[in-house]
Number of protein chains: 2
Amino acid sequence: MNHREEALALDSADPLALLRDQFALSPTTIYLDGNSLGVPPAAAAQRAQTVIAAEWGEGLIRSWNSAGWFALPRRLGNKLAPLIGAADDEVVVTDTISINLFKLLSAAVRAANARDPKRRVIVSERSNFPTDLYIAQGLIEQLDRGYELRLVDDPSELPAAIGDDTAIAMITHVNYRTGYMHDMAALTKLIHDKGALALWDLAHSAGAVPVDLNGVGADYAVGCTYKYLNGGPGSPAFAWVSKRHQNDFTQPLSGWWGHRAPFEMDPAYRPDDGIGRFLCGTQPMISMSLVECGLDVFLQTDMQAIRRKSLALTDLFIELVEARCGEFPLTLVTPREHAQRGSHASFEHPHGYEVMQALIARGVIGDYREPRVLRFGFTPLYTRFVDVWDAVETLRDVLVHETWRAPEFAARGAVT
Amino acid sequence: MNHREEALALDSADPLALLRDQFALSPTTIYLDGNSLGVPPAAAAQRAQTVIAAEWGEGLIRSWNSAGWFALPRRLGNKLAPLIGAADDEVVVTDTISINLFKLLSAAVRAANARDPKRRVIVSERSNFPTDLYIAQGLIEQLDRGYELRLVDDPSELPAAIGDDTAIAMITHVNYRTGYMHDMAALTKLIHDKGALALWDLAHSAGAVPVDLNGVGADYAVGCTYKYLNGGPGSPAFAWVSKRHQNDFTQPLSGWWGHRAPFEMDPAYRPDDGIGRFLCGTQPMISMSLVECGLDVFLQTDMQAIRRKSLALTDLFIELVEARCGEFPLTLVTPREHAQRGSHASFEHPHGYEVMQALIARGVIGDYREPRVLRFGFTPLYTRFVDVWDAVETLRDVLVHETWRAPEFAARGAVT
């Protein structure tokens, strides 16, 4: 592509273009960080007012029933399910990814050991998002029964690492840093062929790439609603458990929302049948209610259309960066092959942190990930082709004009 | 009291009366269920708009730093601390009571066993709010190392039940059903004298009665922000850990927010020093931000003034129910003695469920708890003496005029 008009023409022909109107987008920014925090759906502000004034203020305690608060984790789970190839009553929206991972790993360890008590290894990747590894470490230390976390440095090592000692392979579908996407069907089959259980983290997949959990026969999954699903900052996460595993075992975060009759005030925990037992405590209803505003936008399209545009956006971004910024030391770390690419694209630059700060100062918001990685997320619901063009022109301007100061390593925090 | 005017006179003389204006109260109800879900602070609706439009919509990903989102669990913890006799850097607002109990019980078990590995008993009350018992059961089952939950049926049995086999006494300060309040100082001393650790649940205490965790030398505590603290439906809970225990042990929900350098993306978990290690995953910022609106009201008064009014309200309610409804089968289950009473009052009635439904239909909102308990919460920040008068008159009207249908046990749910 050689002219901005070509990008505008792509936008004119884009079947998803009108969905952009359903988001409250800042007019002063090009936002390429929806893989970290999605933007507000236009409906969110009004929905918050309704929840606060009508449901909380007028309905008061009655709203736990009359406004459907108590049922919301399951109702939103059913609404989210089609986006990830899940069925009704297989998903709950609740707690955080970290907490949900602890629940699912705990249940999966029991399920795996019921089949073969010798299996004591959890396999994952060293490049996984760290909290996944931390939670596995916390569980292993607590169990104190000889479990082990085995990390590989490259996806190609997974077949050898998953063996007859492996209980669970805990794999993140799309890598948060590189954008590398696993072949979920092939890897789930490999995990099962080795006699282990497959637990998928969909943080950078749900709402970004097609996922078919039941189609590939996965066992467990967790994911995030505040990235591509636009649920709001820190909005509750989700947990998916295949119907064939739901009633096998309880999970240790056995709070009252997972009880089969929470209002009987029974002193003994009796888990609900099905996905309900993966709930724990009372959920933050204002944040959770806004998750629905994000999910409702997805009802107007489908994941295949989103995927087509996502690949067109990342293809164009990679093409333009290489064409327009070819003289600068930028190295693509995201796979070129479509089947291995999620919905973001990352480049390494020796002064990655400074480049990103300069981009943000010019209104192009991506983010930075250690070490040296510039990360750009593309959200087909609201990212335009012309945004891609303008972002690359801004990147070129930064690279041409900025002089790099000494690296400044303080205060780089931002939440993935 | 014999006349409504006397109640109005008490309101005129009430030093807290003006604080009522800081809440968005429904004009059509007398709300006596703030012990279950507090009402919206008047500032909450505007605060939600600011968080959604300015912080989320304009600030976008930058708000994790620029709007202080990432620091909010600790900042709110410090703001809440004075209400419960805690110091700076001892409280975090995060997750749910159930999740926080799991963290603290896990750490407390390690701390107790480091001192004496024979101690394997967690002592609590059968009448405790069930989720506390469920979480202890979940942890004990997960540990699978001979731990035991020992439940007493009456507070008087606690001294005998806590012995040299006891690791932890997990006690709820104010009972959710009866309103019975423990002597926290005396019971903490007894627990320590027996060589055990004291973990307090402040769900029905924080913001309702004076609490002095450091003064009594308690070890661990959890509590709720959506009851007397008016944080919003399901707003995040809090965890308190005495400074002397914070760095003893890690807790197993070792998510990235508890890491000492979360943005270094280290594959190995290294816990933060201090209370930070009791954080886990990304928090729901819209719900969490509104917690501050509730806490800000407490800055304009103090827990001693709140306690004085609370006792005056519950005293008056008990007096009026007994005087005006004496011919009906109502039995007070809340202690008459001030030192043993929280901020709600409960009566048993053989048709408790139906009585409460009739009260709610007439705009007096309390709640019902199995079995047969009518529960009325008094929130000194916004409950008036005239509300007490009017509520009792409505109760009398219900008892005089309603004919009880057969008990109907379906769909009694409401969240404490």
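Letters A, B, ... mirror the listed sequences (proteins, then strands); counts begin at 1. The structure presented is a predicted model; accordingly, all values stated were derived computationally and were not measured.
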- Task: For Arg110(B), enumerate each residue passing the side-chain hydrogen bond (donor to acceptor under 3.5 Å, both in side chains) test, keeping only those at least two apart in sequence or located in another chain.
- Result: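 side-chain hydrogen bond (donor to acceptor under 3.5 Å, both in side chains) check on Arg110(B) returns Glu141(A), Thr250(B).
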Contact class of [X] relative to chain A, heavy atoms under 4.5 angstrom:
X: Arg177(B); value: neither
X: Tyr31(B); value: side chain
X: Arg270(B); value: neither
X: Ala53(B); value: neither
X: Asp266(B); value: both
X: Trp69(B); value: side chain

Are side-chain heavy atoms of [X] and [Y] found at a separation under 4.5 Å?
X: Glu264(A); Y: Glu370(B); answer: no
X: Pro233(A); Y: Ile286(B); answer: yes
X: Trp257(A); Y: Thr96(B); answer: no
X: Ile135(A); Y: Trp256(B); answer: no
X: Cys280(A); Y: Ser98(B); answer: yes
X: Thr29(A); Y: Glu58(B); answer: no

With a 4.5 angstrom heavy-atom cut-off, which part of [X] approaches chain B: side chain, backbone, both or neither?
X: Ile97(A); value: neither
X: Ile140(A); value: neither
X: Asn128(A); value: neither
X: Thr28(A); value: side chain

- Message: Can you list the residues of residues 99-108 of chain A that sit under 4.5 Å from chain B, counting heavy atoms only?
- Response: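 Interface residues of residues 99-108 of chain A: Ile99(A), Phe102(A), Ser106(A).
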- Query: Phe238(A): what forms a ring pair (Phe, Tyr, Trp, His ring centres under 6.0 Å) with it, not counting sequence neighbours?
  - Reply: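 By the ring pair (Phe, Tyr, Trp, His ring centres under 6.0 Å) rule, Phe238(A) matches no residue at all.
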- Report the residues that fulfil ring pair (Phe, Tyr, Trp, His ring centres under 6.0 Å) with Tyr269(A), sequence neighbours left out, ordered by chain and then residue number.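 Partners of Tyr269(A) under the ring pair (Phe, Tyr, Trp, His ring centres under 6.0 Å) test: His259(A), Tyr134(B).
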- Item | Heavy-atom pair count under 4.5 Å with chain B, highest-scoring of Ile52(A), Leu60(A), Val39(A), Ile360(A) |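 Looking at each of Ile52(A), Leu60(A), Val39(A), Ile360(A) in turn, Leu60(A) comes out on top.
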Without swapping roles, check the side chain of [X] against the backbone of [Y] for a donor-acceptor pair under 3.5 Å.
X: Trp56(B); Y: Leu37(A); value: no
X: Thr131(B); Y: Gly255(A); value: no
X: Arg145(B); Y: Leu143(A); value: yes

Specify which of [options] makes the most heavy-atom pairs with chain A at under 4.5 Å.
options: Pro40(B), Pro284(B), Gly231(B); result: Pro40(B)
options: Met285(B), Gln142(B), Gln137(B); result: Gln142(B)
options: Ser124(B), Ser289(B), Ala268(B); result: Ala268(B)
options: Pro252(B), Ala136(B), Ala237(B), Ser26(B); result: Pro252(B)
options: Pro27(B), Gly281(B), Pro267(B); result: Pro267(B)
options: Gln283(B), Gln49(B), Arg126(B); result: Gln49(B)

